[in-house]
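Have a look at the structure below before the remarks.
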There are 2 protein chains.
Amino acid sequence: MVERVVPEAGRKRRRPTKAGVVLSEGMIIDTALRMIEEHGSEGLSARRLGRALGADPSAVYRYFHSMDDLLLAMADELITRVTREWHSTGDWRADLHRWGLSAHAEYMKYPQAAQITAARITGSTAELAGVELILAALRGAGFPDHLAVLGYRLFITQMLSYAARDGAGKLVANRRADIDRWKNTYAHASAETYPNIAAVAELLEQHDGSSTYPLALRLLLGTIQAMLEEKHSSTRPSDI
Amino acid sequence: MVERVVPEAGRKRRRPTKAGVVLSEGMIIDTALRMIEEHGSEGLSARRLGRALGADPSAVYRYFHSMDDLLLAMADELITRVTREWHSTGDWRADLHRWGLSAHAEYMKYPQAAQITAARITGSTAELAGVELILAALRGAGFPDHLAVLGYRLFITQMLSYAARDGAGKLVANRRADIDRWKNTYAHASAETYPNIAAVAELLEQHDGSSTYPLALRLLLGTIQAMLEEKHSSTRPSDI
DNA sequence: ACCTGAACACCGTTCAAGT
DNA sequence: ACCTGAACACCGTTCAAGT
């Protein structure tokens, strides 16, 4: 049995808080996501959430067992938003490319949620729908089952891994200091001790903190396509 | 100028704490890493660190400006441990494969440190040495500079991204519940609503929470090698 | 010179009391 | 029925006081 994320989802009658707000799961999730979007690294706390809602912090616990449960629900809302805009074009590679970029972008709007939820399994219908879409794209393109599952797993863990690290990067308190540290260090690396760094210092310095996910995604999709072609030419893919 | 991580690195005379311990940067870092290794998700806090050290929590602030600075120093210690054991075999692909796996494994021993530091730039000699090693492997193998830098960037961000997410996964309070949720959900998905999931349910259920990093790493190294070969056959790599 | 202890401004969560 | 408020057991960090 899947655990319930919402403690009292069935109830109907609600009393407004002192501030006159009527609470619900949906508006708590939206408020929590907005807090992360607006205040960034200051992040989310039960007490701040209470204040933002115009309610006592403890009121949230009637809707979610814990902050962890709220986070799970937030993860789900993100999956829903990405999946909702999905439309298949029949080209699996273009579709997965688009899906990957928009999922990563959605997570980047809520870096704290990305970091915390990238490794979670919610077991919700939104999650199921996302998995179904990706599998449909691959199986529809002629991938045999084991390759479709392998491709799905590689695709989704890649997206979530980059979302986790890129999200963490966005949350670094003084991100500028980190990037400046990079430029300073690599521009002044000694040519005797670090000949290879010195030789490519100019190229290294172009580092601007942007994500390598878009490129890594394109490369992975190319590799997955190669797996499919290899299979069509009857080669065993066992030497992966 | 790179900021100092250690506030008073120069001082010599030290007085033991009440518990009779003589503090130093090194033993604070080691204690902090051990705390993460042993107590896992309970994690690290200034106050617990003080207790573990046999000192008042505030004493740590004479050695590190903040917990953030301590984390940076811990990240550096992890890089040092991985780089120290490096020995080149002349085969760039085998070397990077070994380096990637051991770096990821080292981070997985300290998942909290991995999660927090995967997106940080320390600017230390350990970090420089790591970058130098990777660039040396690629440039030594005949990669032109721009491809060596591209390969380096793809390789290192992949390792750190998977370390960040896999680390977060290890920290999930009730990891078993998440994996059980996965098995339950996908085994019982309706064949009408989710035909593709139902068709491959058995393959999906084999999910055991292990990382896809080893496979993703092998695939990326294959792609990087293909870039090199493409360059040797005089094809422009612009359509990446 | 270096560690301690009190203080400040925070956390998540529980539960009896209020409406 | 649902929200509030007090309480408990925590945080990171600063700084005057102690040795």
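Just so it is clear, the values below take in all heavy atoms, side chains as well, and ignore hydrogens, waters and symmetry mates. Small disclaimer: the values here were computed from a predicted structure and weren't measured. Throughout, protein chains are lettered first and strands after them, A, B, ... in sequence-line order, and every chain is numbered starting at 1.
- Under the 30°/60° scheme for interplanar angles, the aromatic rings of A:Tyr213 and A:His104 are found to lie parallel.
- Remark: A:Arg48 is not in phosphate contact with C:dC10, judged by side-chain N or O atoms under 4.0 Å from OP1 or OP2.
- The CG atom of B:Asp69 sits 15 Å away from the P atom of D:dG12 (whole-angstrom rounding).
- Look at CG on A:Leu44: it is 11 Å from P on C:dT13, rounded to the nearest Å.
- When the P atom of C:dC8 is taken as reference, atom CZ of B:Arg47 falls 14 Å away, rounded to whole Å.
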Query raised in the report: In dot-bracket notation, what is the pairing pattern of DNA chain D, taking Watson-Crick (N1-N3 plus N6-O4 or O6-N4) and G-U wobble (N1-O2 and O6-N3) contacts under 3.5 Å, with [ ] crossing and | for other strands?
Result: ||.|||||...|||||.||
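- Of the residues in residues 50-58 of chain B, those with a non-hydrogen atom less than 4.0 angstrom from any atom of DNA chain C are B:Ala55, B:Asp56, B:Ser58.
- For A:Ser45, a side-chain nitrogen or oxygen approaches OP1 or OP2 of C:dG12 to under 4.0 Å.
- Annotation for A:Ser211 and A:Pro214: closest pair O-CD, 3.7 Å, computed over non-hydrogen atoms.
- In this structure, A:His65 atom NE2 and C:dT14 atom C1' are separated by 14 Å, rounded to whole Å.
- Between the CZ atom of B:Phe64 and the C1' atom of C:dC3 there is a distance of 16 Å, given to the nearest Å.
- Ion pairing of B:Asp76 with B:Arg120 is absent here, as no side-chain N (NZ or NE/NH1/NH2) approaches a carboxylate O to less than 4.0 Å.
- Contact annotation: the side chain of B:Phe64 never approaches that of B:Leu71 to less than 4.5 Å [non-hydrogen atoms, C-beta and beyond].
- Rounded to an integer number of Å, the gap from B:Met67 CE to C:dC11 P is 18 Å.
- Taking a cutoff of 4.0 Å between a charged side-chain nitrogen and a carboxylate oxygen, B:Glu106 and B:Lys109 qualify as a salt bridge.
- Whole-Å rounding puts the B:Leu49 CG to C:dC3 C1' distance at 15 Å.
- Taking 4.0 angstrom as the limit, B:Lys18 places none of its side-chain polar atoms (N or O) nearer than this to OP1 or OP2 of D:dT19.
- Of all the heavy atoms in B:Met108 and B:Gly167, the pair that sits closest is CE-N, 3.6 Å.
- For A:Ser66 and C:dG12, the shortest distance from a side-chain N or O to OP1 or OP2 is not below 4.0 Å.
- A salt bridge does not link A:Lys183 with A:Asp178: every distance from a Lys NZ or Arg NE/NH1/NH2 to an Asp or Glu carboxylate oxygen is 4.0 Å or more.
- Rounding to the nearest 0.5 Å places CE of A:Met74 at 7.5 Å from CE of A:Met67.
- Remark: P of D:dT13 and CG of B:Asp68 are 8 Å apart, rounded to the nearest angstrom.
- Regarding contacts with the backbone of C:dG5, every side-chain N or O of B:Tyr61 stays at 4.0 angstrom or more from both OP1 and OP2.
- The CE atom of B:Met159 sits 10.5 Å away from the CG atom of B:Leu101 when rounded to the nearest 0.5 Å.
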